[in-house]
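One structure is given here, and the rest of the page talks about it.
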Amino acid sequence: MVCSAAPVLLLAMTLPLVEPPAVQAFQPGQNQARGGSGPRLDPESGAGELVLVSVYIQLDFSDEPWPVALSQPLTVPAASASSAPVTLTGLNFTTECNVTHDGHSYCACLSGYQWNASICSHRQPCQTTIKHRPCGCLVLSPTEAGYCELLPPGEEGSCLLPPAVPATLNLDSWLQMPGNTLNLTLLMNQETTDLNWFLWPTGSPSPVLLQAGTCVSLTSSRGQTVLSIVNISHRWAGEYICRFEAQGFRWELHQVVRVPLQATDVTGLPDQLSVSCATSPGFQLSCCIPSTHLGYTASWSPREGGQASVFNKPDSQCFMLAVQHCPTANTTYICELQSPDLSPLRVTVSVTIIQDGDTTCPEDSSIVAWNVTKAGHVAQALCPGDRTGMVKRPCGPDGVWGPIHSNCTDAGLLALLLRAQLLQAGQGWPEEEVSQILAQLQEQVEAVISPSDLLALVATMTVLAKVVADTGTQLNCSALEAVLKTTDKVLGMNSSSLWTLAQRQTPSVGSSLLLAVETLAHSLCPQDQPFSFVLPNVQLQSQLLEPTFPANYRVSFPTQPPLKAWIPRHSLAPLRHNGTNVSITSLVLQELDHLLPSNYGQGLGDSLYATPGLVLAISIMAGGQVFKQGEVIMDFGDTDGSPHCVFWDHDLFQGKGGWSDAGCQVQAASASPTTQCICRHLTAFSILMSGHTVPNNPTLELLSQVGLGASILALLLCLGVYRLVWRFVVQNKVAYLRHSALLNMVLCLLAANACFLGAPLLPAGPRSPVCLAAAFLCHFLYLATFFWMLAQALMLAHQLLFVFHQLSKLRVLSLMVLLGYLCPMGLAGITLGLYLPRGQYLSEGACWLDKKGGALYTFVGPVLAIVGVNGLVLTMAVLKLLRPSLSEGPQVEKRQALLGVIKALLILTPIFSLTWGLGLATLLEEVSIVPHYLFTVLNASQGVFILLFGCLMDKKVQEALRKRFCCSQPPRSTISLATNETYISEHSKGRSKDAR
């Protein structure tokens, strides 16, 4: 009867074979429980040959002594009368088992024997790991039977030598210096499978798996495999294990590697100290190192008056020196760490003795206890509680304490960060450890009370996101929920205290958090979709698309205002043909946009923008790959001012990240007054509103429309007047040229105002050819208006300066047409060809030039230049008017001509220069609503001013109108710009007959 927890032995027998045996079964008495045969003997074996018979016998016994009969040679009865008996000469134990109360057996192989690889892969290992024994202990159920098999012999034909390992593990040196590259080479003489590398770190309870990472690389070639680890440190010290299967067994090869410490691994606490012997006659110094098996010892010098001791922590070892008697002068203490065959490490601590009369900072108890410190020194103290780091506080030259500088970080957060960094380097199993770290990080978020804690938490999430992206690890629902809960709590932290201070140390911390959450969010395994999760600061919806995609993918979030997004079907169509799983993840992060640095890419300028308080991240996973191309339309609700559709580009500003509008466009919603954005890529989106943007003002819009309408009517009336009086006012060359320029100005301004008034009715966007044509026409016509003003000013200046060297009317008119139309057409065409391919031609949401990319400056530059020329002409006219005499012509008549030039410039300059100066101010600065009202009023008055001062106030026009409607002769004693010009022309006629 089998007793509870009784040992069980499995045996192998060595038999001298006289004749080929015909053994059917072996019965060793009452101790036999069950048995089975292994490989058959070779029937051609010679008589008397010593062979191994793999017969498996299970012996169950209690605490009784080992049967003496089993220790003596046994004779196996003959199977038949014709067969010879077989004698058992050797008996070897293969397996030892312990049977539990429930009938399960915990079986371990004895020396020289091992479980078959197939049994190892289908049985549960024992909880207690047997070091250096691959698959050393297995758990067998009551109905299962199994036994360890003899390993392959070391020499052919012999079963008594140690087993032959089918590979060798080579290491150039067991001592590896920090920063070097470690190479372990496995040379194989048999075919191997299921090869894995492990590291049993110093002080670790179990080995960790090694995989390709930032430090670990694995290369294989015929007959060998190489494990390489770059830039090793003491964290890579330990026992390396290469585990593989060959010849039906599981093998393990081992190499021990030691890595000495570096000077940076040794911490002196503190590194400087000022002591007042009157108040603190004694003090304590320490130097700490990480735990290692290299057997470091420490010696302090000078040691007089001090007592050395050792203090062990779970992960470090500290060598203490308690100085009981204060030295009389400044002293430098040296902690020298030594280990056999290694160079010593030295850490110095400078102790300054405070003398009588020295300026000092008094004792204080802010955060920690601060002792009396000499002026100009920095006091140091260990972080209180379960926190790692130092607290420093400078003592000013006047004996006043300065601000406290702390890098104290929660020890649990630092441990998770280190674990994540080692996982990224290549230590660990990402499929298991990523979820474990995320779950622990969710618990540790409550410990975030300082900027260092926040930076450590975000760094851990960033490292885990890189591990997930590099290894293709998929998260389950619980792991993703841990990510979202952690993110929600982080976003809900007080931004004025934690986030502001953290951003001072690391400005890109918000960008790092966004990238990490984006990466982790779209890594949900397809089996857990659809998935939806809502928290105050985080909302996520993930959906696995069916084989037949819907017309459009739509998603909405209950934000304020509601946020909607959809992806057109044509963007999803290319993914349907791959036959892979396609999942779309939409993530809303509230308050994160306020935590991102104020970096704006090309085209957004240096203005400060306001954000709506949320960031929308959309990603598509197809076949395990991120699909970044596709059109997405987002509705951000009703927004004030002129929004800019943007996305967060992590590559801008040397990897710090910034807002960019490349590939995004604003368009007005057709059914509601909301802001819609169209972007042609998938990433994290938001909208920007200028910090000084004037809100939509119905009064201003109505005033602009009514004013433009009045201006158009005034210009039409001006054309009607010219139709009536044209042949009466152009009876000489100067009058003809002046009124021709004014007429073309009226035509250009009339067409420009009409185009500008109708542009808001057109569909805005870079894909709208009508909107593109309207913007080009407005640009060309407004430029033509200014160039015709320039042509008129240059003509008047020519008449003023070159009285006796006049050009013909046809030549002057040709030059004016070239200047008035050809130049603005060329500028408008160059602007279109230069900025349209870049996507910087049209302004967002309007059919006008983009003020961010530089297209607007092709309008601003010529306008400012023309205004400057007009100012020069006006200055020149005033200077010539103030001259005491003229060399040519009667002085009175010449003065009247100059007054005519000044009158023309005083009419044109306020109408155009002041109006468009205010217009440029509203476009470029947008500082308040007052310039908008002034520009609207003056812009609406341009046509009226031209009608009044350029047309109706002209004496010749008045005379022509009175003659046409009143049939009366006009007075002859009139002075106008036209009559003055006529006199100048007639006076010049006698001197230059070919002038006309």
Side-chain angles (χ1 to χ4, degrees), residues 383 387-389 405-421 424 437-438 440-442 444-469 482-521 535-538 587-601 608-609 611 613-617 646-660 683-686 688:
C383 294
R387 302 180 68 77
T388 302
H405 302 282
S406 171
N407 63 352
C408 297
T409 310
D410 181 77
L413 288 172
L414 284 180
L416 292 178
L417 176 59
L418 176 60
R419 186 177 173 187
Q421 291 172 340
Q424 182 186 22
I437 297 175
L438 288 174
Q440 296 176 20
L441 197 64
Q442 178 190 347
Q444 288 293 131
V445 72
E446 302 294 341
V448 177
I449 59 175
S450 69
S452 300
D453 294 335
L454 180 58
L455 293 175
L457 185 144
V458 174
T460 304
M461 296 184 66
T462 301
V463 173
L464 291 179
K466 293 179 180 179
V467 172
V468 168
V483 173
L484 299 179
K485 290 179 180 178
T486 301
T487 306
D488 178 70
K489 293 179 181 179
V490 170
L491 294 178
M493 293 177 181
N494 190 346
S495 60
S496 62
S497 58
L498 289 179
W499 275 101
T500 303
L501 296 176
Q503 287 173 325
R504 291 178 184 175
Q505 301 181 36
T506 308
S508 60
V509 57
S511 178
S512 300
L513 177 63
L514 173 60
L515 180 60
V517 177
E518 277 187 89
T519 304
L520 294 172
L535 291 171
N537 297 313
V538 179
L587 174 68
V588 172
L589 301 173
Q590 295 185 330
E591 304 300 331
L592 178 59
D593 53 338
H594 300 154
L595 307 177
L596 296 172
S598 299
N599 298 335
Y600 304 106
L608 292 178
Y609 295 93
T611 50
L614 57 86
V615 173
L616 172 63
V646 293
F647 72 98
W648 187 258
D649 190 345
H650 294 278
D651 297 328
L652 290 179
F653 299 97
Q654 292 78 42
K656 297 179 181 178
W659 293 111
S660 174
T683 181
F685 305 98
S686 188
L688 299 179

R504 side chain near L501 side chain, heavy-atom distance below 4.5 Å: yes
All pairs passing salt bridge (charged side-chain N to carboxylate O under 4.0 Å, His left out) where residues 410-419 contributes a residue, at least two apart: R419-E433
Any donor-acceptor N/O pair, W499 side chain to V490 backbone, under 3.5 Å: yes
Side chains of L413 and T460 in contact at under 4.5 Å (non-hydrogen atoms): no
Minimum heavy-atom distance L464-A420, with the two atoms named: CD2-CB, 3.9 Å
By side-chain contact (heavy atoms from CB on, under 4.5 Å) - contacts of A482 (at least two apart): L438, Q442
Flag side-chain contact, heavy atom, 4.5 Å: T487 against L589: yes
Approximate separation, where rounding is to 0.5 Å, of L416 CG and Q421 CD: 11.0 Å
Within-4.5 Å side-chain heavy-atom neighbours: M493 and V448: yes
Qualifying residues under side-chain hydrogen bond (donor to acceptor under 3.5 Å, both in side chains), relative to W648, sequence neighbours excluded: S511
Test item: D453 side-chain N/O and I449 main-chain N/O as donor-acceptor pair under 3.5 Å: yes
Rounded distance (nearest 0.5 Å) linking atom CG of L520 with atom CG of L587: 10.5 Å
Side-chain touch S512/L514, heavy atoms, less than 4.5 angstrom: no
Residue pair T409 / A456: nearest heavy atoms and the distance that separates them: CG2-CB, 3.9 Å
L652 vs Y600 side-chain heavy atoms within contact, under 4.5 Å: no
Interatomic distance, D488 atom CG to N537 atom CG [nearest 0.5 angstrom]: 4.5 Å
Any donor-acceptor pair under 3.5 Å from S598 side chain to L596 backbone: no
Nearest-0.5 Å distance, CG of residue L616 to CD of residue Q590: 11.0 Å
H650 and K656, any side-chain heavy atoms less than 4.5 Å apart: no
Nearest heavy-atom neighbours spanning P451 and L498: N-CD2, 3.9 Å
Any donor-acceptor pair under 3.5 Å from N599 side chain to G657 backbone: yes
Distance, nearest 0.5 Å, that separates CD of Q505 from OG1 of T500: 12.0 Å
side-chain contact (heavy atoms from CB on, under 4.5 Å) partners of D651, counting only residues at least two apart: D649
Validation row: V445, L457 side chains within 4.5 angstrom (heavy atoms): yes
Taking every non-hydrogen atom, the tightest pair across T519 and A469: CG2-CB, 4.0 Å
Side-chain donor/acceptor of Q503 to backbone N/O of L595, under 3.5 Å: yes
S406: side-chain contact (heavy atoms from CB on, under 4.5 Å) partners, not counting sequence neighbours: V391, C408
Nearest heavy-atom neighbours spanning D593 and L614: OD2-N, 3.1 Å
Nearest-0.5 Å distance that lies between atom CG in L513 and atom CG in L491: 6.0 Å
Shortest non-hydrogen separation from V463 to Q424 and the atoms involved: CG1-OE1, 3.4 Å
By side-chain contact (heavy atoms from CB on, under 4.5 Å) - contacts of T683 (at least two apart): E518, F647, H681, F685
